[in-house]
Number of protein chains: 2
Amino acid sequence: MGNKEPLLSELENFFQALSDKTRLEIVLLLLEGEKNVQELSASLGKSQSLISHHLACLRNCGAVKVRKVGKFVYYSIADDHVKDILSRAIDHVSEYSKSILSCEIVSQEKGQGVKAEQTETR
Amino acid sequence: MGNKEPLLSELENFFQALSDKTRLEIVLLLLEGEKNVQELSASLGKSQSLISHHLACLRNCGAVKVRKVGKFVYYSIADDHVKDILSRAIDHVSEYSKSILSCEIVSQEKGQGVKAEQTETR
DNA sequence: AGCTCATATGAACATTTGTTCATATATTTT
DNA sequence: AAAATATATGAACAAATGTTCATATGAGCT
């Protein structure tokens, strides 16, 4: 019953890689197929440097893989695990935001959303 | 092309909720079953305030759900989507760290690790 | 050889995030 | 009623993170 530390750190790194809008835009593009840095940079309208930094982050946790062709570097989603995680996460947030919307008719507040409280103010 | 902004923000929030060691410890405990705040606080040896803050984060993205019983609040994993995502992520990082280890046998302790590979730690 | 193109990386800065402490709210008990 | 218990939340500060700018590496071309 070992030390869970390494597992925790690796999970942390993995999820953290996916917890940024730019990196999510990258992986969503990569779900459509392999792309090199320029293509990503152009599609997202963001600098090459920024894209490269984010790709380094996605590489480090094994979310994407690399194929070099001459001076081009093509990136793609690492494996089916990652694809599954992404598609399930998309399903989850889609369902969850629907459930939020149906509640927000009542609470016009933004930000915290619904926070599952049936604690009526008496 | 539809506006992907809301989807991106929700994915970002969701993954970000899972990208912290303490919150991961919480959800891993919750995978074993429903627990209230004190139980989580005691199991992890961390303050009630800290656990509550992190639970708020996990609630806001729909990763956990809540059941109030008197003055106790029981938390559990929100649904099978989230359970699946967690178990696949665990599989992914397990495989990935194995593949890293098998490469590090070659690069002995000292040098820069593997060449232009995806081994990069910051 | 030089030059250009594609990508990677380091440093600096501004923003964000996690943790702690103090306090608020809600429920039960005395 | 007050006190005790369980949880939530706000403010403040340290640490981590994303972005930009400048520069480095490396491959193809003339």
Side-chain angles (χ1 to χ4, degrees), chain A residues 8-9 12-26 34-61 64-76 109 111-122, chain B residues 8-9 12-26 34-61 64-76 112-122:
Chain A
L8 278 178
S9 291
E12 187 185 23
N13 283 337
F14 178 72
F15 285 124
Q16 184 158 32
L18 298 177
S19 69
D20 170 86
K21 256 177 212 164
T22 301
R23 290 194 293 270
L24 281 169
E25 290 184 294
I26 291 174
E34 193 181 55
K35 294 194 172 44
N36 64 36
V37 182
Q38 320 184 79
E39 290 169 334
L40 293 168
S41 176
S43 294
L44 300 178
K46 303 190 175 177
S47 78
Q48 176 270 317
S49 175
L50 182 61
I51 301 296
S52 269
H53 274 297
H54 285 305
L55 285 170
C57 177
L58 290 166
R59 248 172 18 226
N60 290 350
C61 70
V64 301
K65 64 186 175 193
V66 173
R67 187 171 68 96
K68 290 192 75 169
V69 179
K71 57 182 172 180
F72 298 89
V73 179
Y74 287 88
Y75 285 87
S76 53
E109 234 255 294
Q112 305 299 65
V114 65
K115 65 164 105 169
E117 63 185 11
Q118 74 277 42
T119 339
E120 247 304 40
T121 43
R122 198 193 18 138
Chain B
L8 278 178
S9 290
E12 188 185 22
N13 283 336
F14 177 72
F15 285 124
Q16 183 157 36
L18 299 177
S19 70
D20 171 86
K21 256 176 211 164
T22 302
R23 290 194 293 271
L24 281 169
E25 289 183 296
I26 291 173
E34 194 181 55
K35 294 193 172 46
N36 65 36
V37 182
Q38 321 183 81
E39 291 169 334
L40 293 169
S41 177
S43 293
L44 300 178
K46 303 192 175 178
S47 77
Q48 176 270 318
S49 175
L50 182 62
I51 301 296
S52 270
H53 274 297
H54 284 304
L55 285 169
C57 177
L58 291 166
R59 251 174 13 232
N60 289 350
C61 71
V64 302
K65 64 186 175 194
V66 173
R67 187 171 68 96
K68 290 192 74 169
V69 179
K71 58 182 172 180
F72 297 89
V73 179
Y74 286 89
Y75 285 88
S76 54
Q112 308 293 34
V114 194
K115 331 195 310 189
E117 242 64 277
Q118 69 266 66
T119 18
E120 187 177 291
T121 349
R122 62 169 166 106

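Convention: sequence-line order gives letters A, B, ...; per-chain numbering from 1.
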**Study point:** Residue list, ring pair (Phe, Tyr, Trp, His ring centres under 6.0 Å) with B:Phe14, at least two apart or on another chain
**Key:** A:His92

Practice item. Would you indicate whether the side-chain heavy atoms of A:Leu55 and A:Leu40 approach each other to under 4.5 Å? Key: yes

**Study point:** Among D:dA6, C:dT7, C:dT19, the nucleotide that comes nearest once only the side chain of A:Ser52 is considered
**Key:** C:dT7

Point to revise | Pair B:Lys21, A:Ser9: side-chain N/O donor-acceptor within cut-off below 3.5 Å | key: yes

Point to revise | Distance, rounded to the nearest Å, where A:Leu24 contributes CG and D:dG18 contributes P | key: 11 Å

**Study point:** Base C:dA6 to side chain A:Gln48, donor-acceptor N/O within 3.5 Å cut-off
**Key:** no

Check your understanding: Taking the six-membered ring for Trp, does B:His53 stack with D:dT9 (centroid gap under 5.5 Å, planes within less than 30°)?
Key -> yes

Point to revise | Whole-Å distance separating the CD atom of A:Glu12 from the C1' atom of D:dA16 | key: 11 Å

Check your understanding: B:Lys68 NZ to D:dT7 P: how many Å, rounded?
Key -> 10 Å

Review point. Rounded to whole angstrom units, what separation is found between the CD1 atom of A:Ile26 and the P atom of D:dG18?
Key: 12 Å

Exercise for review: Please report, rounded to the nearest Å, how far the P atom of D:dT20 is from the NZ atom of A:Lys46.
Suggested key: 8 Å

Practice item. Look at all strands and tell whether B:Tyr75 reaches a base, only sugar-phosphate, or nothing, counting heavy atoms closer than 4.0 Å. Key: sugar-phosphate

Revision key, fill the gap. Looking only at C:dT7, D:dT7, D:dG26, the nucleotide nearest the A:Val73 side chain is C:dT7

Point to revise | Donor on one side chain, acceptor on other, B:Glu39 and B:Ser43, under 3.5 Å | key: no

Check your understanding: With respect to the side chain of A:Leu50, which nucleotide from C:dC5, D:dT19, C:dT19 is positioned closest?
Key -> D:dT19

Review point. Ignoring hydrogens and angles, does a donor from either the side chain of B:Ser49 or the base of C:dT19 sit under 3.5 Å from an acceptor on the other?
Key: no

Exercise for review: Answer with base, sugar-phosphate or nothing: what part of the nucleic acid does A:Gln38 contact at a heavy-atom distance below 4.0 Å?
Suggested key: sugar-phosphate

Check your understanding: Just how far, in rounded Å, is C1' of D:dA16 from CG of B:Asp20?
Key -> 11 Å

Review point. Roughly how many Å is it from OH in B:Tyr74 to C1' in D:dA6, rounded to a whole number?
Key: 11 Å

